[in-house]
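Here is the structure we will look at.
Quick caveat: nothing in here was measured; it's all calculated off a predicted structure. Ligands are counted one by one from 1 in listed order, and the atoms in each one are counted from 1 as well.
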Amino acid sequence: MNKKFTVKSFQNAKNKGDKISMLTAYDYTTAQLLDTAGVNSILVGDSLGMTMLGYETTLEVTMDDMIHHTKAVSRGVENALIIGDMPFLSYHISIEDTIRNAGRFIKEAGAHAVKLEGGFEMVDKIKALVAAKIPVVGHLGLTPQSVNMLGGFKVQGKSEAQAQHIIDEARALEEAGVFAIVLECVPSALAKIITEKIGVPTIGIGAGKDCDGQVLVIQDVLGMYQGLQPKFVKRYKETGQDIIEATKAYINEINEGSFPAEEHTFGIKDEILEKLY
Ligand code: KIV
């Protein structure tokens, strides 16, 4: 029997040198499968804007979108720790607004924690959330909600100044009370330094193997996305191709009349049929 993975389990894993596994999920069925497989944590990422809703960036995602998908995920999960990703402008306006929106993930949607993007500018919000007993995951490096400020989806922290800035921000987030930090698209040697320098676990995506854990987008892992993929993605299956082939087979069988077959159909007694007019 699997055991529930909690905020405390994140810290225990880092202390013991055990790796933490995290995947995104946005719906009941997928969440149930990932939980059955034993993933430690499920992130209901605002990447659902792209993977589920077909937007080009995450910027259009709303709190209501996030709550809707987080509710579905939490219905499918028994053991994994569920993290709700705070969407663009749900935590930028005021501390009050931030607590209200983060609280919705916990009260309405069944999440155990929230994630938000940003460094020094988020310290007050993180402290307020932790004071409100809402566990927080930070997110540094490539922060997709800042795509317009960053000038595109690029590796972050390659210059000395940028790299030092990310280290300093990681320290500030730890001090503010986050229980983990996602490091996205930073050089692996920088992620290693951060992982060694801070006490809370780092969860990497495009940040190398020395992070305390890893996260990927489930559509990428399953090979469902047909377009170009970032270098850090590993496709463990080609489910997208399987779906196309299964759909083609279904269409063919309908056209040639071999589906539905006898075993897929329901009967009715002859004496009842005879009475019908
Ligand atoms: O939204 C998301 O899926 C994320 C992960 C890629 C870390 O933030």
Measure and list all N/O to N/O distances between ligand 1 and the protein that fall under 3.5 angstrom.
from	atom 1	to	atom 2	distance (Å)
ligand 1	1 (O)	Asp46	N	3.2
ligand 1	1 (O)	Asp46	OD1	2.9
ligand 1	1 (O)	Ser47	N	3.0
ligand 1	1 (O)	Ser47	OG	3.3
ligand 1	1 (O)	Asp85	OD2	3.1
ligand 1	3 (O)	Ser47	OG	2.5
ligand 1	8 (O)	Lys115	NZ	3.1

Determine all donor-acceptor pairs shorter than 3.5 Å in which one atom belongs to a side chain in residues 253-262; sequence neighbours excluded.
from	atom 1	to	atom 2	distance (Å)
Asn255	ND2	Ile251	O	3.4
Glu256	OE2	Ser258	OG	2.9

Identify whether the distance between the nearest side-chain nitrogen and carboxylate oxygen of Lys275 and Glu271 falls below 4.0 Å. no
Listed by chain and number, what are the side-chain contact (heavy atoms from CB on, under 4.5 Å) partners of Leu273, not counting sequence neighbours? Ile268, Asp270, Leu276
Are the charged groups of Asp168 and Lys197 less than 4.0 angstrom apart, N to O? no
Which donor-acceptor pairs under 3.5 Å do side chains of residues 130-142 form with protein atoms, sequence neighbours excluded?
from	atom 1	to	atom 2	distance (Å)
His139	ND1	Lys115	NZ	2.6
His139	NE2	Leu142	O	3.3
His139	NE2	Glu184	OE1	2.9

Should Leu116 and Leu129 count as side-chain neighbours, where that means a heavy-atom distance under 4.5 Å? yes
